There are 2 protein chains.
Amino acid sequence: MLGTPITIWQDKRREVAQAAILEAAWTVAREQGLASLTLRQVAARVGMQAPSLYSHFASKHAIYDAMFGQAWRSYDEVVDALEPRLPSEPRSALKLMARTFFAFATADLARHQLMNQRVIPDFTPSAESYAPAVRVVARLREHMQRLIEITDEDVDLYVALVGGLADAQWANDPGGSRYARLLDRAVEMYADALALPATPAGPDSQEAR
Amino acid sequence: MLGTPITIWQDKRREVAQAAILEAAWTVAREQGLASLTLRQVAARVGMQAPSLYSHFASKHAIYDAMFGQAWRSYDEVVDALEPRLPSEPRSALKLMARTFFAFATADLARHQLMNQRVIPDFTPSAESYAPAVRVVARLREHMQRLIEITDEDVDLYVALVGGLADAQWANDPGGSRYARLLDRAVEMYADALALPATPAGPDSQEAR
DNA sequence: GTCTATACTGTGATAGAC
DNA sequence: GTCTATCACAGTATAGAC
């Protein structure tokens, strides 16, 4: 009994250690800034010496890479939770999706810089870590396609619009709501450009708050 | 004769040296990446030792700061040159302004990162270097105000929209035109939201190419 | 004032003992 | 796997030549 092979046990141990390192890395990144993260700080937080991290990650960039994958997988899960709550009325759905992305992007600067900007010199996510990001955009397209007739260019414009607002929020009014206030208006503008029907008036037709 | 005081001569020399350092810094930033710029590389390019740069700039951040000011002053001059060519027809003018900014932003990654992103850890532009950036936005607002009735929020939305497209261009299709192609459409969408009159048809009514 | 020489501290990364 | 020791390179402080 308990015939779990030792190799799996070791893999588990390994995964636990890696998870602890990544959690420490997130904490340090949030406290010191993403680009100011140092291996010595991460190592100290998990009770190691800096070189020991190389037993678990090939380089500092590999840690960033794993964090990048985590962040997008995390947002993919947010989209999972959102899916059943998405209204069928197109404008309301677009607004809710935009608000969800915006809230995620403005909740954590380090995460936003890693996911959506190129803050780390010479860091490019690996294909494996980039996959969840691709998946999120693909699902966005599917959702939008389900609501309305839409082209790839339409999706690009939507992404640039909502992403531009999130970037501007961090750059010009961090912690405030100067650009958050413009979100619904931006989506209405976008929906008008796609000639979507206006949201019908009525007690239950408004988007979720 | 030639009674120029020596102090002015020295100031000139000083300015020349500073300009040479900044020009070298731009070259290195474009070649190696903005954040990978090192003082030793900059110094080598102007025939100095790295510590000698401290005779002209208080720190590496001070060099970035001067570059930041240069970049925005440079764009302010672009706006100067644009001003007499701006059509009075609102949509065409908005398009030309958007294209001008987009072209400037996508012409030089290092410059764009310095001007519009927060790529350098712990670097915040000084009030003096930030002034030209403020001036550019103020002039944008004046130009738009001259064309149409507009609020601060309208300007914010315009900036986020055009900036979002430029960021997306660098992030997802550097060197390509995937988002550049969406520029005119984005401005039309924005103009529709402001209920601007449609561009009148006619041989001379189209925006400048 | 401007520059060089030297050196201090902190970084990511590697080698090898245990 | 984790350690210690060490390396190459970074920004930058200081001292002193000119």
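This is a predicted model, so every value here is computed, not measured. Order of the sequence lines sets the chain letters (A, B, ...), proteins ahead of strands, with each chain counted from 1.
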- Message: Given the structure, check if the side chain of Arg40(A) and the base of dG10(C) hold any donor-acceptor pair shorter than 3.5 Å.
- Response: no
- Item | First encountered from the 5' end of DNA chain D, between Ala50(B) and His56(A) | His56(A)
- Note on the structure: Separation of dG10(C) atom P from Gln32(A) atom CD, nearest Å, is 14 Å
- Tyr64(A) atom OH is separated from dT11(C) atom P, nearest whole Å, by 12 Å
- Checking all strands, does Thr38(B) fall into the base, sugar-phosphate, or nothing category for heavy-atom contacts under 4.0 angstrom? sugar-phosphate
- Query: Is the cationic atom of Arg111(B) (NZ for Lys, CZ for Arg) positioned less than 6.0 Å from the six-membered ring centroid of Phe104(B) and within 45 degrees of its normal?
  - Reply: yes
- Atom-pair distance (NZ on Lys60(A); P on dG10(C)), nearest Å: 15 Å
- Toward the 5' end of DNA chain D, which comes first, Gln41(B) or Gln49(A), by nearest nucleotide? Gln49(A)
- Message: Below 30° counts as parallel, above 60° as perpendicular, anything between as tilted: where do the rings of Tyr75(B) and Trp72(B) land?
- Response: perpendicular
- Message: Ignoring hydrogens and geometry beyond distance, is a side-chain donor-acceptor pair present between Glu89(A) and Thr199(A) at under 3.5 Å?
- Response: yes
- For the pair Tyr64(A) and Phe123(A), name the ring-plane relationship: parallel under 30°, tilted 30 to 60°, perpendicular over 60°. tilted
- Are Tyr179(B) and Phe102(B) close enough that their ring centres sit under 6.0 Å apart? no
- Message: Taking any atom closer than 4.0 angstrom to a non-hydrogen atom of chain A, what span of DNA chain D does the protein reach, first nucleotide to last?
- Response: dG1(D) to dA5(D)
- Query: For Leu37(A), which contact category applies under a 4.0 Å heavy-atom criterion: base, sugar-phosphate, or nothing?
  - Reply: sugar-phosphate
- Separation of Leu53(A) atom CG from dA15(C) atom P, in whole Å? 17 Å
- Do the side-chain N and O atoms of Gln70(A) and Trp26(A) include a donor-acceptor pair separated by under 3.5 angstrom? yes
